[in-house]
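Here the structure is laid out as structure tokens; the discussion comes afterwards.
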Amino acid sequence: MGSVSTSSVMDIFNLLKACCSQSCNYIMTYGGTFSSLASEVGQLKDKSSDVKRGVEAATRDGMTPRSEVLGWLSSVQDMEGEAESIERKYNQKIKCLCSFPLNVCSAYRLRNRAEAALATIRELKQSVEFTKLADNLNLIRSIKMPTNKTIGMDKVFEELLRHAKDDSLSVIGIHGMGGVGKTALLRRFNNDFPSETEADVVIFLELSIDYKLEEVQKSLFDRLSLTWKDEVTHRDRATKLFRVLSTLKFILLLDNLWEPLNYQVVGIPLPAPPSKCKIIFTSRTEDTCSHMGTEKMIKMECLEQEAAWNLFRNSARMDVIDADKNIRIKARDLHKECGGLPAALIVLAQAMAPKKTWEEWIHALTIMKDTPHQLPGMTKTVFSILKLSYDRLSSDNLRVCASYGALFKKGSWIDKFDIRDLWIGEGIFDNADNICDSTQQTQFLLGILHAASLTVRVHDDYFTMHPMTRAMILWVQRECGKKENKWLVRDRERVEEAPAAEKWRDAERIALVWNQIRDLPEAPECPNLIFLNLHVNKFLRKIPNGFFLHMPHLKILDLRDTSIRELPVSIGNLVQLHYLSLCETRITSLPKEMAALVNLKYLSLESMKYLRNIPDRLISGLRELQWLDMGDSYSGWREGQTWEGGVSFEEMESLKRLKFIGITVSTFAALQNLCDSPRLAAFTHWLHIKGCPDLTTFNLPSMNFHAETMPRVIHIELHAMSELEEVVIGNRKHILPSLQELRLSSLPKAKLVWRARFPNALCELEIEDCRALDRLIKLEEEANGSGERVITIFPHLHTMVLRRLPELKSLSDGE
């Protein structure tokens with residue numbers, strides 16, 4: 001064998017020594033590695049807890065955690081598991097007294113694994129500084145809604161778009177009657193507008209009629225993809241909604257609001273202009289718009305005629321219209337019955353689509369005029385929608401008020417003063433102290449009906465009712481079409497014969513106005529009749545003697561402008577009568593049986609130029625009378641202590657509930673007696689002075705005519721005074737504060753003089769057939785300090801009528 005050199009042995013020894021030394025050192029520091037791992041894992045867990053809390057807070061606000069954050073948390077979770085596994089194996093190793101593992105090979109491998117985990121953990125710690133933990137909601141920006149055709153709505157749609165783009169407007173209200181297309185308009189906006197806005201989300205909510213707070217919040221939670229928990233309180237839900245929506249540019253569309261929505265209670269932040277956020281809602285009532293903080297209101301009107309025609313034609317396939325000229329003419333007439341209401345036009349078009357013959361279209365037109373509920377779909381789709389507005393009025397009195405609109409001709413302008421008088425008879429208000437109060441109450445109630453889209457204001461003094469609203473009310477009052485005779489309404493239809501007596505049996509209200517009726521049933525059985533209006537039947541000259549025998553509940557009787565010459569004695573049977581108007585009839589004498597009308601509140605004898613006799617004690621027997629109008633009518637007042645004929649002012653004074661008086665006097669003594677009665681003068685609202693043959697000068701006021709005793713008078717008329725030479729109006733102090741109307745007629749010698757302080761509330765001035773009048777305003781000599789005359793001319797005058805004034809040369813004697 002060869003010998004081995006000493007140097008070679010030493011080299012091998014040194015090599016083995018170095019190798020073992022490194023391994024021994026690696027193994028000797030074994031415990032420190034695992035201590036570092038435990039420390040680093042603890043620090044990572046603390047950072048992970050912070051991140052988790054941030055993610056949970058963002059999730060509560062409806063935000064979506066970012067993927068990198070979720071990935072980091074997942075990696076942390078994995079490493080926590082790995083560290084636990086390494087620690088568990090480390091603790092299981094058999095060690096010597098100096099904590100050195102006995103199994104060196106397995107310890108070597110475990111340390112390698114721990115060092116790899118340690119490096120990963122340190123990397124995770126370094127990457128924990130996220131700029132953003134979560135993104136905004138995982139939202140669908142907008143959801144398209146199915147919608148009906150919006151033919152004819154382009155103009156109002158453009159208006160809505162314009163306001164929605166205006167950053168100075170945040171809350172927009174759309175109001176209009178049921179069936180006018182508010183929902184279709186809002187759905188079209190929902191579908192079209194998102195492409196033109198920077199909004200993060202467009203939310204469309206269709207609310208139920210009697211929506212609950214929880215219902216609204218649940219809909220918002222669903223739309224915003226928020227987690228709903230039943231056990232959470234309304235307030236906490238509102239807080240969450242508020243927090244989420246405050247981070248978004250949102251457009252909230254609320255359809256069918258019946259009551260104002262409390263934004264704060266629901267959790268909806270009210271946008272403060274300028275803002276891209278919008279709240280846009282639809283409602284039947286203008287009041288709801290006002291209570292919702294609306295900055296812009298849009299009134300949706302029914303379609304104009306040509307747009308209505310286009311919608312009618314396009315709502316169902318109707319080739320027959322184009323093919324037959326006669327049918328096309330009837331189709332034009334038929335669609336007009338809808339009054340431009342889109343819902344009615346669509347239903348009518350669908351009902352008529354299969355009709356191919358001219359006769360069918362003629363019959364449909366008759367139905368639409370008289371009983372439109374018989375057409376398929378009209379009750380369910382149109383009347384039921386309109387009825388909601390009627391049903392949701394706050395009281396039965398308001399529903400009665402609304403129903404009066406159906407007693408007039410379709411589309412007619414209804415005088416608010418006529419309605420006021422009828423409502424007095426109906427007992428709608430019973431506490432007015434003067435005519436201004438009753439007129440204001442009437443205007444207030446009409447305002448409620450206008451705001452509810454049940455009536456339409458066409459002028460300060462007139463309103464109308466949409467034909468479909470009118471038809472709905474008639475349908476309701478006729479018990480949904482089951483009793484067609486319950487309300488008999490034939491207004492301005494040139495009817496020549498009254499309904500047959502058997503139709504009167506079921507009737508509660510009958511309106512046969514502006515017709516040509518000549519005869520009435522002899523003694524109709526009317527156990528339920530409460531309203532009868534025969535106004536303007538010029539050919540009606542007589543009422544049968546037994547006509548009123550079987551009307552035990554009649555409350556309102558209107559015989560205005562008929563040609564009757566007397567009332568039958570059966571008028572005394574109407575003991576429940578509240579309202580009686582005999583204006584412009586030819587009656588010469590009132591029957592004594594009228595004294596039995598002990599519940600009568602309203603009696604109008606206005607313009608009864610033929611009335612000469614009122615039986616003694618008849619007026620005083622009407623102990624509930626509140627309103628007595630005898631303007632341009634009876635003037636045979638008893639004067640002095642004579643007992644010969646006429647009604648005495650003492651009899652009038654006995655009426656303790658009397659609040660409104662319209663009166664005519666034809667002698668100066670009667671005028672003085674009126675002025676000397678504080679109670680009658682105080683309640684006089686209309687004063688008609690005619691005749692007075694010995695009167696040459698009339699001063700208003702004067703020693704004989706104390707105008708200050710008539711604070712409520714609103715109308716004065718001087719008529720047919722042939723010797724009157726001068727009318728002087730005014731005083732050094734304000735007089736007649738309520739006077740609104742002054743009429744001078746047939747005063748052939750009179751001239752008009754105004755003093756400096758004449759009635760400044762005057763609204764209407766009418767002068768007719770005053771042939772000596774050379775100027776309208778003749779000023780009595782009265783100067784200020786500079787010698788100039790000063791006068792304020794009629795600050796509230798809006799109507800002036802001048803007729804047959806041949807000598808009139810100028811309006812004023814001023815320059």
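Any value given below was found using the heavy atoms of this structure, including those in side chains, with hydrogens, waters and symmetry copies removed. All residue numbers refer to positions in the sequence shown, counting from 1.
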Shortest non-hydrogen separation from [X] to [Y] and the atoms involved:
| X | Y | value |
| --- | --- | --- |
| Met594 | Leu580 | CE-CD2, 3.9 Å |
| Met465 | Leu454 | CE-O, 3.5 Å |
| Leu808 | Leu802 | CD2-CD1, 4.1 Å |
| Ala596 | Gly572 | CB-O, 3.5 Å |
| Leu512 | Asn537 | O-ND2, 2.8 Å |
| Val753 | Glu726 | CG2-OE2, 3.6 Å |

Review point. Using 30° and 60° as the class limits, which term best fits the ring planes of Trp686 and Trp627: parallel, tilted or perpendicular?
Key: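 The rings of Trp686 and Trp627 sit tilted, inter-plane angle from 30° to 60°.
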
When you look at [atom1] of [X], are more than 12 heavy atoms from neighbouring residues, nucleotides or ligands closer to it than 6.0 Å?
| X | atom1 | value |
| --- | --- | --- |
| Lys409 | NZ | yes |
| Arg505 | CZ | no |
| His550 | NE2 | yes |
| Arg565 | CZ | no |
| Arg623 | CZ | no |
| Phe417 | CZ | yes |
| Glu493 | CD | yes |
| Lys542 | NZ | no |

Within the distance-only criterion (no hydrogens, no angle test), does the side chain of [X] pair as donor or acceptor with the backbone N or O of [Y] below 3.5 angstrom?
| X | Y | answer |
| --- | --- | --- |
| Ser677 | Leu674 | no |
| Trp504 | Pro499 | yes |
| Asn515 | Arg490 | yes |
| Glu717 | His688 | no |
| Ser607 | Cys583 | no |
| Asp558 | Asn533 | no |
| Arg541 | Lys538 | no |
| His685 | Ile435 | yes |
| Thr464 | Trp413 | no |
| Ser633 | Leu605 | yes |

Check [Y] with [X], please: is the shortest side-chain N to carboxylate O separation under 4.0 Å?
| X | Y | result |
| --- | --- | --- |
| Arg657 | Glu624 | yes |
| Lys751 | Glu725 | no |
| Asp418 | Arg420 | no |
| Asp437 | Arg712 | no |

How about [X] and [Y]: do any of their side-chain heavy atoms sit closer than 4.5 Å?
| X | Y | value |
| --- | --- | --- |
| Ile543 | Leu534 | no |
| Leu590 | Tyr634 | no |
| Asp676 | Phe649 | no |
| Lys749 | Leu724 | no |
| Glu807 | Leu773 | no |

Return the [atom1] to [atom2] distance between [X] and [Y], rounded to the nearest 0.5 Å.
| X | Y | atom1 | atom2 | result |
| --- | --- | --- | --- | --- |
| Cys526 | Leu549 | SG | CG | 10.5 Å |
| Asn699 | Thr697 | CG | OG1 | 6.5 Å |
| Ser570 | Met551 | OG | CE | 8.0 Å |
| Ile428 | Ser438 | CD1 | OG | 13.0 Å |
| Lys659 | Lys601 | NZ | NZ | 10.0 Å |
| Arg509 | Leu554 | CZ | CG | 10.0 Å |

Review point. Are Phe531 and Tyr404 near enough that their ring centres are under 6.0 Å apart?
Key: yes

**Study point:** Any donor-acceptor N or O pair under 3.5 Å, side chains Ser810, Arg775
**Key:** no

Exercise for review: Determine whether the side chains of Asp421 and Tyr602 contain a donor N or O and an acceptor N or O closer than 3.5 Å.
Suggested key: yes

Review point. For Ser745, which of Glu766, Arg804, Arg803, His719 qualifies under side-chain hydrogen bond (donor to acceptor under 3.5 Å, both in side chains)?
Key: His719

Exercise for review: Could you give me the CA-CA distance, side-chain angles and deciding distance for Arg743 and Glu768, then say whether salt bridge (charged side-chain N to carboxylate O under 4.0 Å, His left out) is met?
Suggested key: CA-CA 8 Å; Arg743 187 171 189 270; Glu768 180 177 359; 3.2 Å; yes

Practice item. With sequence neighbours left out, write down each residue that passes side-chain contact (heavy atoms from CB on, under 4.5 Å) with Glu741, or none if nothing qualifies. Key: His715, Glu764

Practice item. Any chance you could lay out the salt bridge (charged side-chain N to carboxylate O under 4.0 Å, His left out) test for Glu496 and Arg494, step after step, and finish with the verdict? Key: CA-CA 6 Å; Glu496 295 184 359; Arg494 298 182 180 180; over 6 Å; no

